[in-house]
Amino acid sequence: MDIENYKSDYINKKESRLINSLLISNEYLKEIIASSDIKGISYNFPIQNLIKNKNKRLHNGYGLDNIDDDQFFIYSLNTSGFLDWHADMHDDITPHNDRSVTDSTELDQHIQNYWDIIQNTECQFLSNSQHFNPENTINVSPQKIMKLFQRDTVSKIGSLLNNKKLDLQTIKGLLNYSSTSWKNPCFNYSIIYLPEYFNDSLLYAKYDSTYNHVILPIISNDKQIAFNSIINNLKNWLLCLLELTSSSNYNLKFLRLYINRNSDKYLIMTLLRNINWINGKLIPNENNLNWLSSPENSNNIHNNTNNNDNALAYNDENFIILEFEC
Amino acid sequence: MTPELSVVNTLNNSSRFASPCCAAHSALLPVRDENFQIKNLFIYKQPSHRCQILQISKVSPKPHSCAPPPIMTSDTLTMSKLGQEQLLTETLLNHLISKDIATPLPHDSNALTLQSHKMIESALTSRLSSTESEDSFFVCDLGEIKRLYQSWRIHLPRVKPFYAVKCNPNQEILKTLRDLGLGFDCASRSEIDTVLSLDVSPERILYANPCKASSFIKHASEVGVLKSTFDNSDELYKIKRFHPNSELFIRIATDDESAQCRLSTKYGCHLDQVDSLLQTVKELELNLVGVAFHVGSGASDYNSLYKAIRDSKYVFNRVEEMGLPSLKVLDVGGGFQYHSFVQAAEVVNYSLQEFFPREAFSELQVIAEPGRYFVSTALTLATNVIAKRRPNNDNTSSMIYVNDGVYGNLNCILFDHQVPTPKILFHSNSYHYNSATSSDHCIPDKIENKISMWGPTCDGLDCIKNNYYLKYDLDVGDWIYFPNLGAYTSTAATQFNGFQQFSDFIYIDSEAAYN
Ligand SMILES: Cc1ncc(COP(=O)(O)O)c(C=O)c1O
C-alpha cells in the first residue's frame, strides 16, 4: 500500500472514532444533529488542553483566564432571524476543564480526541516523499512513515507546550502570533461538521490570531459526499465558514480554504470560477515557486523536512489554497 | 471648415428589436483619420464587411497637420448618410489596420477597435531597452478608459455606471474613473476601503457582495456605505440587526444560458421568491430602493438582458401592489463586453423604453455595474520567457515557461474563463509588436513552432496555453505580450514567503497625448 492510501485509511479510522466519540455517542448532540434547524457544529480546543493537570497549566503560565476551553459551537437561526454560530453551553457537552479533573477516563478520552484532531489535520500535509525523491526513502514503509509522523507531531506540539521558560508575556505574544503558513502547528484546532453539504466527512481546521486554515475533505463523485449539493450550495457553506471565522469567538481576519487536488476536477474548476466574485484569492503553493531557477533540482525541492528524519516531508501541494477576507 | 455633426441615433427604430437577440456579427469601431480628429464614429460591421454608420458625435479639424490626404476623410464620412449601409472594402479595412487606426481583436476577426498601438508599442519597447529587469509588467492606457466612458455616455445615456472594482482595483484606474464621475461597485471590505481612501464619498459606492457575513455588514455600517444588494431573507435579518438604514436593492436571478461565467449569475432570488422577500422588507421596515440583476459576463444572447429588465418591472409593480414605497433605482448589472457593447446597449435602451419609458419614469435612476468593459482593452501585459523545455527531446514542440501565470496576473484564466492570446514582443534582438502573424492557434502549417505555455510554478494548474503555434522558436530571455488583458488580472498581488507578485504598471494616456 502506498503512503497516500495508507494515510487516507489512517485519517478515516480516526475520523470515525472522532465522530463516534464526540458527536454520536452524546445523546444531546445526536438529537441536535437530527434536528433540521441545526446547520453545523464545530468543536474546537486550544492545545493547552493537552496538559492533563490543571495546576500544571497554571504553573506553566497558561493563566486559565486567558485561555478558552474546548467548546462546541452550533450554527443555527439566532433570535435576530439569521444563521449564526453560538457556543453551546449544554451541561452534557461542557468542557472537561470545568469538571473534576479526577474523572480520568473521560479526560483520557478527551486527550485522545485532541490528538486525533491534531494528527488528522497535520497529516494532510504529509507528502509522499518517495514520489519526489525515490532514493531518499525507498526502504521506509508507510507504517514507519506514519509512526515517524506521529512522533514528530507530538514533539512539535510538545515543544510549544513544554517550554518551561515561557512567561505569561511570551505566552500572550505567542497566542497573538499569526502565521500565514500551513506549516506551523497552531494554538487552536477544530473540526467542523456540516452534514447538509459534506455528509459525514469532517472539515479540519487550525487557527491562530489571524488565519483560520480549513481543510475540505476530498470531494469526488464516487464518494458519499453530495457532489451537486456542494456546488449548488457553495454560497451557503462558504458563508457558514466565513461566519465562523469572523465570529466573536474566533475573531480572525482571513479564512484559508484547502481544496484537495484529488477532488473532482470539474468541481475544482467550478469552485475557482465562482470564487472570484465572492472574494476568493488563489494562493500559490509554498514550495513550487521559482523552481525553474534550478531545474535539475526540481526533484528535490519539494522535500521540506523539518526534522532530522529524511523520511518525513511536508508540503501543501496536495491542495489548491484559496483565501477569503472575513 | 469644421463639420460639426450632432449625435444622431439611427437605431431608434424599435421594430428592429422584435427579437432583441438579433444583433450578430457587429462591432464598434471608433475611427480617427489623420487630418481630422473624429471622435466616436461607430460603424456597425456586418458579415462581408458591410458597415452601417451609426453615430458621429463630433468631427473637428486636427490643428497643424501636414499629413498626406487620408483615405477616409471627414468629407467622405459626411457624404455617406448616417445609418446608411456602406461597403467597407477589404482594402479600406486593411488600410485602417495598417495605419493603426483599427485592429482586429484576437479570436474575433469581426471585432475592431481603436487602440493607441503606437504609444503602447513605444511604452513596451522603451521599458525593455531601458532596464534589465525580467519582471512582467503592464502597460495601461488611461486614455482608452476615457474613450470608453465617452462611448458609454453616447450609447447608454440613461445609465450611470458603477465600476466593478473587483475587475481591476488598480489605483490609477480607480482615480481615472473617479474623475470621470463614475460610482463604484465594491464586493469586499478592502475594496470599500480602497475606494474611500481615494476620497470617494460613500454615496458613490454600491456594496454588491452576494455572500455577506455579518462582519461585512457591520463594516459597511461603520464607514457609511448605504447601498447594498440582497437576495435572501437571512441577509435582510442581518441588515436589520447591523445596518438598518441601508438602501437596499433586491437582486433577481437572470437567465444565463450564454454567459461566459455562468455561475456568477447563480446569485439572485427567483421571481417566485420576490413576494416573500418584499414581505420581510415590509415587516422589518427596511428601506428598499431598487432592483438589481447581473446577466453574467460575456453573455451573447441579449434576450437575458431584455428579460431581466422585464422581470425588474414585475418587481417594481409588486412593490406598488404590496404598498411599499415606490422604487427609485434600477441596476442593470455588468457583463458588457467591448466588442458587443453597442448591441447590448441597444437592447438595454430598447428594453428600458418598453418597460420604463422616460415619460412615465422620469425620476427613475438607472445604474449599471460594468467591470470588464472599462478595462479589458486598456491593459497589455508583457512577460519574460524564463525557461524552455523540449518534452519529446526533438524540435517538434516546446514548453515555454514565462514569469507570470495563474497565480499572478493571469488568474483570469481560472477565475474568468478567459483565453489570453500570447504574442511575440521581442525575439532575436528585434521587436514584433502587433505583427498579425506571430502567433496563431489554428493555422499550424503556416506557423511552425508548436508550444505550450506555462507560468513560473510547477503546478499543473499554471497552464497559460496549450497546442499553440508561434512564428518564432522562442528562447530564454525573449518577451511575450498579451493584449487586452485588463479584466480580472492584476488582482492577485499575493505576498507569500517573501515572494511577492507585484503588478508593475507603466501608465500612458493616449487621449491626453492626442489632444
Ligand atoms: C454582481 C456583479 N456585478 C458586476 C460584475 C462585473 O461583471 P463584468 O466585469 O463582466 O462587467 C460581476 C462579475 O462577476 C458581478 O457578479
Side-chain angles (χ1 to χ4, degrees), chain A residues 77-85 180-181 183 231-232 234-236 238-248 251-253 255 261 268-293 295 298 301-302 317 320-321 323-326, chain B residues 164 166 187-191 208-216 232-242 261-264 266-267 280 284 294 386-387 389 401 403 405-408 411-412 414-417 454 456-462 488 491-499 501:
Chain A
L77 275 188
N78 64 13
T79 48
S80 300
F82 56 89
L83 284 168
D84 202 6
W85 288 95
T180 54
S181 175
K183 244 182 218 161
I231 294 193
N232 293 335
L234 166 68
K235 174 172 157 175
N236 294 340
L238 184 63
L239 193 58
C240 164
L241 297 177
L242 290 172
E243 290 289 9
L244 180 67
T245 307
S246 60
S247 67
S248 54
N251 205 10
L252 305 175
K253 288 210 181 68
L255 165 69
R261 285 179 196 260
I268 293 180
M269 295 323 268
T270 316
L271 274 180
L272 288 175
R273 277 166 191 169
N274 278 280
I275 246 140
N276 193 22
W277 197 250
I278 41 184
N279 294 307
K281 212 161 78 173
L282 185 61
I283 304 295
N285 291 116
E286 197 158 314
N287 292 327
N288 66 13
L289 294 166
N290 299 330
W291 64 293
L292 284 162
S293 49
S298 66
I301 59 171
H302 302 274
E317 270 156 38
I320 289 164
I321 308 171
E323 181 177 297
F324 296 87
E325 186 189 36
C326 289
Chain B
K166 162 118 309 97
S188 71
R189 45 199 285 174
S190 56
E191 284 174 25
N209 182 338
C211 193
K212 291 188 204 70
S214 304
S215 58
F216 301 1
N232 62 73
S233 62
D234 211 54
E235 242 171 343
L236 283 176
Y237 285 105
K238 281 183 196 173
I239 288 164
K240 175 71 185 170
R241 170 98 168 71
F242 300 114
C261 266
R262 284 195 58 181
L263 278 135
S264 62
K266 271 257 174 284
Y267 311 114
T280 311
L284 297 178
H294 172 60
I386 53 173
R389 297 204 174 145
Y401 292 86
N403 61 356
V406 301
Y407 291 100
N411 64 6
C412 59
L414 289 180
F415 285 178
D416 193 45
H417 293 219
W454 302 82
T457 69
C458 57
D459 181 334
L461 274 187
D462 206 358
Y488 303 100
T491 50
T494 302
Q495 171 92 54
F496 201 80
N497 233 18
F499 170 94
Q501 180 68 56

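Lettering of chains follows the sequences in order, A, B, ..., and the numbering in each one begins at 1.
With rounding to the nearest 0.5 Å, the separation of CD1 in A:I320 from CG in B:L461 is 4.5 Å. Separating the CG atom in B:D234 from the OG atom in A:S80 is a distance of 10.5 Å, to the nearest 0.5 Å. Atoms CZ and CE, from B:F415 and A:M269 in turn, are 10.0 Å apart once rounded to the nearest 0.5 Å. Distance check, rounded to the nearest 0.5 Å: NZ of A:K253 to OG of B:S215 gives 12.0 Å. With values rounded to the nearest 0.5 angstrom, A:L239 atom CG is found 8.0 Å from B:E235 atom CD. Taken to the nearest 0.5 Å, the CG atom of B:N232 stands 5.0 Å off from the NZ atom of A:K235.
With chain B as partner, the option from A:L83, A:L77, A:L242 having the largest number of non-hydrogen pairs under 4.5 angstrom is A:L83.
For a residue to count as touching a neighbouring chain, one of its non-hydrogen atoms must lie under 4.5 Å from one of that chain's; by this rule B:K212 touches chain A with the backbone only. In this structure, the portions of B:S190 lying under 4.5 Å from any heavy atom of chain A include both its backbone and its side chain.
A pairwise comparison of heavy atoms in B:F216 and A:C326 identifies CE1-C, 3.3 Å as the closest pair. Closest approach of B:F242 to A:F82, counting heavy atoms only: CE1-CZ, 3.6 Å.
If you run side-chain contact (heavy atoms from CB on, under 4.5 Å) between B:L414 and each of A:I268, A:L272, A:L271, only A:L272 comes through.
Looking at heavy atoms from C-beta onward, A:D84 lies out of side-chain contact with B:K238 at the 4.5 angstrom threshold. A 4.5 Å side-chain heavy-atom check between B:D459 and A:E317 finds every atom pair outside the cut-off.
Looking at residues two or more places apart in sequence or on another chain, you find a side-chain hydrogen bond (donor to acceptor under 3.5 Å, both in side chains) between B:D462 and B:T457.
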